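Written below as structure tokens is the structure these notes are about.
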Amino acid sequence: MAAYMITSTLRRVLLVAKHASFQSRCCVASSRVQYSTVYDSNEKTFDKILIANRGEIACRVMKTCKKMGIKTVAVHSDVDASAVHVKMADEAVCVGPAPTNKSYLNMDAIMDAIRKTGSQAVHPGYGFLSENKEFAKRLAAEDVVFIGPDTHAIHAMGDKIESKLLAKAANVNVIPGFDGVVEVSYTVNMVVLATTFCKFMIVLATNQTGSTFNSFRLSSQEAASSFGDDRLLIEKFVDNPRHIEIQVLADKHGNALWLNERECSIQRRNQKVVEEAPSTFLDPETRRAMGEQAVQLAKAVQYSSAGTVEFLVDSNKNFYFLEMNTRLQVEHPITECITGLDLVQQMIRVAKGFPLLHKQEDIPINGWAIESRVYAEDPYKSFGLPSIGRLSQYQEPIHLPKVRVDSGIQEGSDISIYYDPMISKLVTYGATRAEALQRMEAALDNYVIRGVTHNIPLLREIITHPRFISGDITTNFLPEEYPEGFKGHQLTSEGRRELVATAAALYVSAQLRSQRFLGNLRVSTTPQEQRQWELCVELEKGSHTVAVSRSGSTFTVEVDGVTVEVSGEWNLASALLPVTINRTPRVLQCLSRDAGGDITLQYLGTQFKVRVLSQLVSTLSAHMPEKVPEDTSSILRSPMPGSVVAVSVKPGDVVAEGQEICVIEAMKMQNSLIAAKAAKVKSVHCKAGETVGEGDLLVQLE
Amino acid sequence: YTHIYTHRQSVAQSEVQEQSRRWYSVSHLSVQERIDRKRNAALIGGGQKRIDAQHKRGKLTARERVELLLDKDSFVECDMFVEHRCSDFGMEEDHNKFAGDSVVTGQGRINGRLVYVFSQDFTVFGGSLSGAHAQKICKIMDQAMMVGAPVIGLNDSGGARIQEGVESLAGYADIFLRNVMASGVVPQISLIMGPCAGGAVYSPALTDFTFMVKDTSYLFITGPDVVKSVTNEDVTQEELGGAKTHTAVSGVAHRAFENDIDALLNLRNFFNFLPLSNQDPAPVTECHDPSDRLVPGLDTIVPFETTKAYDMLDIIQGIADEREFFEIMPNYAKNIVVGFARMNGRTVGIVGNQPKVASGCLDINSSVKGARFVRFCDAFNIPILTFVDVPGFLPGTSQEYGGIIRHGAKLLFAFAEATVPKITIITRKAYGGAYDVMSSKHLRGDVNYAWPSAEVAVMGAKGAVQIIFRGKSNQAEQEAEYVEKFANPFPAAVRGFVDDIIVPSTTRKRICRDLEVLASKKQTNPWKKHANIPL
């Protein structure tokens, strides 16, 4: 099978494409957010705001607009015509076809939409045009308010190198390193570099010339294609780094506040996965020092609006400025949860020119908030490769207390290759971190997502990992804890028994139900309903002898001699399967159940395939022929949907093991697919520029 | 004293019995012993060696199959003592006689409901069909029809018993006749679990459903050897008559399963959809899925561009109880989807055009596939739900030469003659003659709905404009006019050809409610010997 270059050999050297930009596409449909903020209807801001974004963040902004009595205008691409953010808006304008550069990045069309709808202001969300100074300029030229900082601040903070110089001047701690652009030739012998948190950062080992070359090429290509800038930045590498950022809020009257920190260390491929506020790592002094430096920087660039100053914090609580994001961050809800502020409302007020109402001492840390980014991606491949599909079933766990879900999709929505695969941001909060975590566990277990592969297995493992619970995390958490890649929840022997017992009980419930016909007089009047079952349950290549006895809705299941008691409603139509196992309540999910006894259950976040057989079936199964699975070493299939950037081989070529065969790009990320063995190329089934689906045959070897 | 006497007497009696038994064991067995021996012999069919060989092929024995298919301990066997009557070619010798011959027959229960079963025993003369074998099958079929219960045949037979000559052929014909007589009276299902060749194939072909087991079952008129000698074609058994061929290419089989066990367990599941006979209503099972459940995903499923495809299965699974849909012929004529589901516990037959394949057009194969399914449902009191998104019949010489006119007429005929409750939902296109065919109001549809995305017209805008405004220039404008007029549900709704225009997410709720109302529907066709469907 193909291995993925990008994930290989991360160590000492970092090549850094400048300037991270998220092309995020999902939006907010949240439940009972508890802002302490008052929406003052006498404070006149705007009549109509256009939201130049889609998905989750567009919905999030519209929510606040509605509360403030502001009319909203959505823009959308043609494939998004029935998206949630379009339905939620008062007006909607189509700005082009699906590809983002033709729609959500299409400034001409968006300017037209603004004129056509008479919008007075534009909220850019994050990604897309949110940090585009050209866009801000064009808005200013037409007297339309850009809800964000002014062009000067965007420009100053937009360049990684310039922003470092500015920060240094404002007495903000910066990482020692080169303060300039480094020309990197192909024969690099690179020194230690530092990290930033952009999407396209690539880490290389100096001692692997081949892969250095490859990665350099990939990173500069990506940088050029994404940002039109292939300069690379080289900095000191910080050991055991944590990514902690300070939310700032500033107005146009020289006031600036720091709204505490967000810990964003849990990342995969330099994209955040789980965030929390506050951080377990900061003491009040460090927090204040970081907050004050962040405010200094904001004031130094005459910042107004909400912004985020990112720091890298080492194990001795030394912190270094990384960059400032001049927009609303994806993870802003956790700050809202602990401070009670509505950041979007504040941005709108500030944009209109109102001064901040709060003083620094008004900013509390109320309890703890955790955010999990729920993505449509396969966590078993490089901690998450995009997956696409139609959400055939979708239920957010908003029936649970202290849960906020920001999403821009609903049952029936398509997750397409055109946009970011984020499904939602799942936020839980509580008085303590333990409470917030416990609510997150429950929320993940109650979250029903069908039709696309999602990363809930990974999220749930992270938030229940002892090291995460202890707060001892760094940005290397995932590769350190899962050096062989993520493999899902590892069952303990007790967990195994719980799972086997639940599957057996579910099987028996279904069997009993299939004998219940309503009003049919021709069903045999069997003397007594069966009360005992002898079963064989297969799970992960292990086989268990199981005896089940039933009393009402409680099943006593003996698994390999150990008794497990499972009770529940056994509603066979429900996606959720709430049960009580040995007096512990748990929520499992039943993903599929077929006539052959195969049951797929989601247990502790991970999906397990269980096969429940009667003793008779189990005995006779020995005679069934083994079906030989397809040999995959000579077949290269696309690991995800995307487009083919380059094909490096043609039929008849001889490839070495590990040689690059082709490059697939999805969500602006390039993946190099390599040969799993040395062989001759038999046939090539794709060409550059083509769109391929997950599992499509790309190249066949002999 | 009395005690001792009694004891002596009993000793004496037992000695006599003992003696007589010993005596019989030398030359004659007691009747009880003979019964036991025959029963035991019947239980092992062709003997352990052949059973092992059967297992080695990845197949189960006839009895193991019956045991898996039926509820525990419910099988009541019939004709265990029947033996073949052939006396030629040494067949009369004792070692060539097998109790029960090469088939196991009887009745039993699947989830408590009665079913008659025959299971051919490949370990006895390769499961070949003797006169006695046929007689056993006919006997249970006769009884099944009398009491009104389905017949399931588990086929695993090398073909005719050549030693018996015409008697074997007569046996086939006797079965064929019963298949025909039972057709439409009780459901008949064939599960091909080994070879089924020559004349034998016509029994499964006459039954309502033919299922196959992948890799171990074959159906063909003549095997690869004969094919080679007659037409000089080189073809393997699998290519000629394997599960893949018949489920994807010929349309002879309705579905294939991984192995014997998978097939039998799925058959149990499938059986729960069927009524026991044409006198019984479609079964209603306990249902946990609320009948008024909204399906929000349906509101966005039909794409805005009328040329873009979507998956009709998403709609079907969305509305069905517990998303369960037992699809019939999933790999054949995929431009139409047919199969069984439940609505509020009640079995329904679902027919839907599949926009994902060939735009969901009707062609020869999809018409025949749909027609046969509709007729089954009508014969067995199963309400029919029809989801319509059809651009028309497929044009072209291959279709015309193949007789699309007479094959398309089959589907039209089937929908028109059906008297079971018929509910139709037009999700998007309903163009031309295909609109009429797909269970339209005009063919006695009981409830016909249109989604807001429905377009009922003679043809699409482009073609229509070319005809209506032939030779005129501003085509785009005229197309727009046509779309405005016809690309919506109003023309049909104002004429009452659809009963309502409904919000897609409410489809399940409405269908469940309508089915409850229509449960007592009574409609009869004029008396006739039988209709003359255009075969």
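Everything numeric in this text was worked out from a predicted model, so none of it was measured. Lettering of chains follows the sequences in order, A, B, ..., and the numbering in each one begins at 1.
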Which portion of A/Ser621 sits near chain B, non-hydrogen atoms under 4.5 angstrom = both

For A/Arg611, look at atom CZ and say whether over 12 heavy atoms of other residues, nucleotides or ligands are found less than 6.0 Å away.
-> no

Interface residue of largest heavy-atom contact number with chain A, from B/Glu258, B/Lys308, B/Lys56, under 4.5 Å = B/Glu258

Turns out that what part of B/Glu67 lies under 4.5 Å from chain A's heavy atoms comes down to both

Contact leader toward chain B among A/Ala595, A/Ala575, A/Ser574, where contacts are heavy-atom pairs under 4.5 Å = A/Ala595

Assess whether side-chain contact (heavy atoms from CB on, under 4.5 Å) is satisfied between B/Ile301 and A/Arg390, documenting all intermediate values.
-> CA-CA 9 Å; B/Ile301 192 160; A/Arg390 180 173 180 271; 3.6 Å; yes

Given that the side chain runs from C-beta out, which part of B/Gln54 has a heavy atom under 4.5 Å from chain A: side chain, backbone, both or neither?
-> neither

For residues B/Thr300 and A/Lys87, determine if any side-chain heavy atom of one lies less than 4.5 Å from a side-chain heavy atom of the other.
-> yes

Please check if atom CD in A/Glu569 has more than 12 non-hydrogen atoms from other residues, nucleotides or ligands closer than 6.0 Å.
-> no

Heavy-atom pairs under 4.5 Å with chain B, option from A/Pro625, A/Ser514, A/Ala622, A/Gly596 with the top count | A/Ser514

Find out whether B/Asp262 and A/Met624 are in side-chain contact, i.e. whether some heavy atom of one side chain is under 4.5 Å from a heavy atom of the other.
-> no

Flag if over 12 foreign heavy atoms under 6.0 Å of CD, B/Glu516 | no

Chain A contact via B/Arg323 - side chain, backbone, both or neither, heavy atoms under 4.5 Å | side chain

What heavy-atom pair brings B/Val147 and A/Arg522 nearest, and what distance separates the two atoms?
-> O-NH2, 3.1 Å

Looking only at heavy atoms, what is the nearest atom pair of B/Cys287 and A/Arg513, with distance?
-> CA-NH1, 4.3 Å

For B/Ile261 and A/Leu620, which heavy atoms make the closest approach, and how far apart are they?
-> CD1-C, 3.7 Å

Select, from B/Asp289, B/Thr285, B/Val295, the one with the greatest count of heavy-atom pairs under 4.5 Å involving chain A.
-> B/Thr285

Side chain, backbone, both or neither: which part of B/Lys72 has a non-hydrogen atom closer than 4.5 Å to chain A?
-> neither

CG-CG distance between A/Asp594 and B/Asn266, expressed to the nearest 0.5 angstrom = 6.5 Å

Would you say the side-chain atoms of B/His288 pair up with the backbone N or O of A/Leu572, donor to acceptor, closer than 3.5 Å?
-> yes

For chain B, the option from A/Ala573, A/Gly412, A/Ser413 that forms the most heavy-atom pairs under 4.5 Å | A/Ala573

Relative to chain B, which of A/Glu626, A/Gln515, A/Arg593 shows the most heavy atom pairs under 4.5 Å?
-> A/Gln515

Contact leader toward chain A among B/Asn269, B/Asn272, B/Asp321, where contacts are heavy-atom pairs under 4.5 Å | B/Asn272

Check: B/Arg113 side chain, A/Phe517 main-chain N or O, donor-acceptor pair, under 3.5 Å | no

Is the CZ atom of B/Arg50 crowded by more than 12 outside heavy atoms at less than 6.0 Å?
-> no

